[in-house]
Amino acid sequence: MTEHSRLHAGTGTQGAAHWLRTALRQATGLPLREAREPDDAGGDGIGLRLAPGLGPEEYRLVSDRNGVLVEGGDAAGVFWGAQTLRQLLGPDAYRRAPLDRDRDWAVPYLTIEDAPRFRWRGLMLDVARHFMPKEGVLRYLDLMAAHKLNVFHFHLTDDQGWRIEIQRHPRLTEIGSWRARTKTGHRASPLWEEKPHGGYYTRDDIREIVAYAAERHITVVPEIDVPGHSQAAIAAYPELGNTDVIDTTALSVWDTWGINPNVLAPTDNTLRFYEGVFEEVLELFPSEFVHVGGDECPKDQWRRSKTAQARIRELGLADEDELQSWFIGHFDSWLAARGRRLIGWDEILEGGLAEGAAVSSWRGYAGGIAAARAGHDVVMCPEQQVYLDHRQDPGPEEPVPIGWVRTLEDVYRFEPVPPELTPDEARHVLGTQANLWTEVMEDHARVDYQAFPRLAAFAEVAWSALPDPAERDFDGFQRRMTAHYRRLDALGVAYRPPTGPLPWQRRPGVLGRPIDGPPPSR
Ligand code: TNX
């Protein structure tokens with residue numbers, strides 16, 4: 001490419017052209033002027049066009065002496081092809097300004113034909129435990145796009161914080177979006193950070209995030225976690241809690257970690273309140289799926305609550321599990337009536353799975369298998385495999401070590417589709433997702449450290465992995481990683497170096513919760 005190279009964008013490829021021109025102008029300083037006709041792109045120009053013969057998200061990239069042509073089955077395919085083109089230009093193509101204006105930018109002559117294995121290639125980010133300011137979220141969307149990930153599961157609420165402005169319930173953010181102090185390390189750690197922590201996204205921030213994602217062919221799936229993980233909401237509106245069991249007015253936004261007993265009361269008031277929340281959520285997020293959480297809802301308060309017990313009797317339910325299932329079922333029909341689909345953590349299977357609901361299988365594969373067999377769609381994200389908060393090395397230097405050791409190779413060999421599913425059942429596996437829970441990740445550098453390099457291995461699993469993990473070429477992946485580390489450097493990603501954490505990436509003296517031995521395989 002030279003200053004004379006032009007970019008021709010065929011019908012329906014303007015979005016990818018805009019992204020590519022912006023990215024390459026920044027990195028190369030070349031103008032990449034618009035070509036009016038495909039043949040006008042110059043000998044080493046770039047052409048983008050739709051090719052009806054290709055499937056969804058599929059692309060073909062041809063580089064030869066006529067320049068580079070990227071064809072996609074749809075706009076997303078062209079966009080992923082444009083990402084590959086940047087990859088081929090070398091690590092400096094990921095920078096925001098040229099290091100050297102005189103250098104040559106050449107794409108090797110080659111042909112690439114490429115399409116994703118899964119249509120749900122997700123990353124979940126928990127912005128409740130530690131808030132990630134909007135800039136950081138936009139940056140993660142760029143990192144996702146660079147790895148061809150296309151679903152951003154946005155975990156917006158939890159016991160430790162409520163992160164989305166809801167106009168009709170302003171106290172959710174006035175009270176619920178910050179806490180006075182924070183546990184440092186695992187909950188058994190004696191350390192506290194004695195300063196307020198918080199933040200939230202305004203409605204316009206959310207609109208911007210959703211639009212930025214859409215420009216990158218990423219769908220944002222919002223999560224409002226109910227009926228557990230709700231202490232921040234109860235602190236803001238005490239009537240949402242089980243007021244006949246505890247004094248909910250004494251609750252504040254939670255400052256430590258773990259499974260919290262203070263759950264929502266199964267009352268009409270709570271249902272109406274959350275319908276109001278979800279109405280605003282639907283206005284902001286166009287995604288087909290809306291995540292309602294449903295995980296880790298201890299039933300102790302419901303057992304002790306006269307109100308909850310009366311509701312169980314009135315509905316003719318067997319127990320508290322069925323009460324949770326009724327609660328989730330309410331929002332399943334509520335969402336379905338508005339043309340959306342509910343997705344929840346695999347606990348929503350307990351007490352009967354709501355019709356039409358999809359499941360995020362996190363406690364292993366079992367929930368996903370049961371759901372797929374019952375004809376429900378599944379996103380595979382087993383904690384034994386793709387919880388990136390878990391440590392990536394057994395060494396003593398790992399910062400705040402949590403969970404099982406899941407190395408780069410472990411993640412590379414993770415297989416989303418369990419072999420016990422028949423081909424028909426396996427079609428319900430929409431794809432897979434890596435989850436970033438941020439209890440011990442206080443800023444974006446800590447998030448980077450846990451996410452990378454493993455997210456690169458995960459991205460290959462989601463896009464192109466052979467179904468049999470034993471057939472995957474990890475040595476080849478590692479060789480390709482040498483080049484990829486240079487790209488991550490150019491992007492400013494604070495990954496874990498293969499040789500171990502850098503001094504400032506360590507957290508000496510902060511207690512984690514490592515689990516010894518390998519994770520259960522199923
Ligand atoms: C379980 S995964 C949780 C999260 C924690 C995570 C820590 C899930 C649905 N619930 O609340 O942050 O473990 O690994």
Side-chain angles (χ1 to χ4, degrees), residues 122-132 153-163 179 182-183 185-189 221-233 253-264 289-298 324 328 342-350 353 357-368 371 378-392 398-406 410-411 432-442 446-447 449-451 454 511-515 519-520:
L123 177 68
M124 190 219 72
L125 181 66
D126 165 14
V127 294
R129 272 59 176 272
H130 280 99
F131 180 61
M132 184 183 278
H153 173 166
F154 205 8
H155 184 80
L156 285 164
T157 71
D158 216 303
D159 300 303
Q160 295 85 358
W162 184 282
R163 305 287 175 221
R179 54 184 184 255
T182 300
K183 172 66 62 171
H186 180 253
R187 74 166 167 272
S189 153
V221 173
E223 178 183 352
I224 303 293
D225 205 339
V226 293
H229 287 286
S230 298
Q231 185 165 317
V253 176
W254 212 21
D255 52 15
T256 186
W257 319 119
I259 302 180
N260 187 310
N262 300 310
V263 305
L264 297 177
F289 283 103
V290 174
H291 208 292
V292 301
D295 57 314
E296 298 178 326
C297 177
Q324 153 138 349
I328 298 293
L342 177 145
I343 182 164
W345 302 109
D346 56 46
E347 284 94 332
I348 68 172
L349 286 159
E350 292 162 11
L353 179 56
V359 166
S360 307
S361 189
W362 76 275
R363 294 176 301 179
Y365 288 93
V378 174
V379 174
M380 277 295 179
C381 49
E383 62 171 343
Q384 298 80 355
Q385 312 278 347
V386 284
Y387 267 38
L388 301 183
D389 55 327
H390 288 202
R391 60 201 169 127
Q392 47 201 318
E398 252 352 77
V400 209
I402 300 286
W404 295 289
V405 176
R406 293 282 88 192
D410 291 331
V411 173
T432 180
Q433 180 174 295
N435 293 343
L436 279 165
W437 299 102
T438 58
E439 288 94 334
V440 300
M441 302 175 211
E442 65 278 12
R446 274 291 287 131
V447 175
Y449 181 91
Q450 292 302 128
R454 292 180 297 179
L511 192 69
R513 189 184 57 101
I515 308 175

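These figures come from a predicted structure and were not determined experimentally. Read the numbers this way: they start at 1 and go in the same order the structure lists the ligands and their atoms.
- Protein heavy atom nearest atom 2 (S) of ligand 1, with residue, atom name and distance: Y387 OH, 2.5 Å.
- For ligand 1 and H229, the ligand atoms under 4.0 Å from any heavy atom of the residue are 11 (O).
- Listed for the R406 side chain is no donor-acceptor partner under 3.5 Å among the backbone atoms of V386.
- The shortest contact between atom 3 (C) of ligand 1 and any protein heavy atom is with E296 OE1, 3.3 Å.
- Side-chain polar atoms of W345 and E296 form no donor-acceptor pair below 3.5 angstrom.
- Those atoms of ligand 1 with a heavy atom of E439 less than 4.0 angstrom away are 5 (C), 7 (C), 12 (O).
- Backbone and side-chain nitrogen or oxygen atoms of R129 are examined, and one is located within less than 3.5 angstrom of a nitrogen or oxygen of ligand 1.
- Salt-bridge check for R129 with D158: passed, with a basic side-chain N closer than 4.0 Å to an acidic carboxylate O.
- Of the N or O atoms in W362, none lie within a sub-3.5 Å distance of an N or O in ligand 1.
- Annotation: W345 places no N or O atom under 3.5 Å from an N or O atom of ligand 1; distance criterion only.
- Within 6.0 Å of CZ in R513 there are 12 or fewer heavy atoms belonging to other residues, nucleotides or ligands.
- Listed for the Q392 side chain is a donor-acceptor partner under 3.5 Å among the backbone atoms of Y449.
- Using a 3.5 Å distance cut-off with no hydrogens or angles, the side chains of H153 and E223 do pair a donor with an acceptor.
- At a cut-off of 3.5 Å, with distance as the only test, no side-chain donor of E442 or H130 sits close to an acceptor on the other residue.
- Looking at ligand 1, you'll find an N or O of D389 within less than 3.5 Å of one of its N or O atoms.
- Scanning all protein heavy atoms for the shortest distance to atom 10 (N) of ligand 1 gives D295 OD2, 3.0 Å.
- At a 4.0 Å heavy-atom cut-off, ligand 1 does not touch W257 at all.
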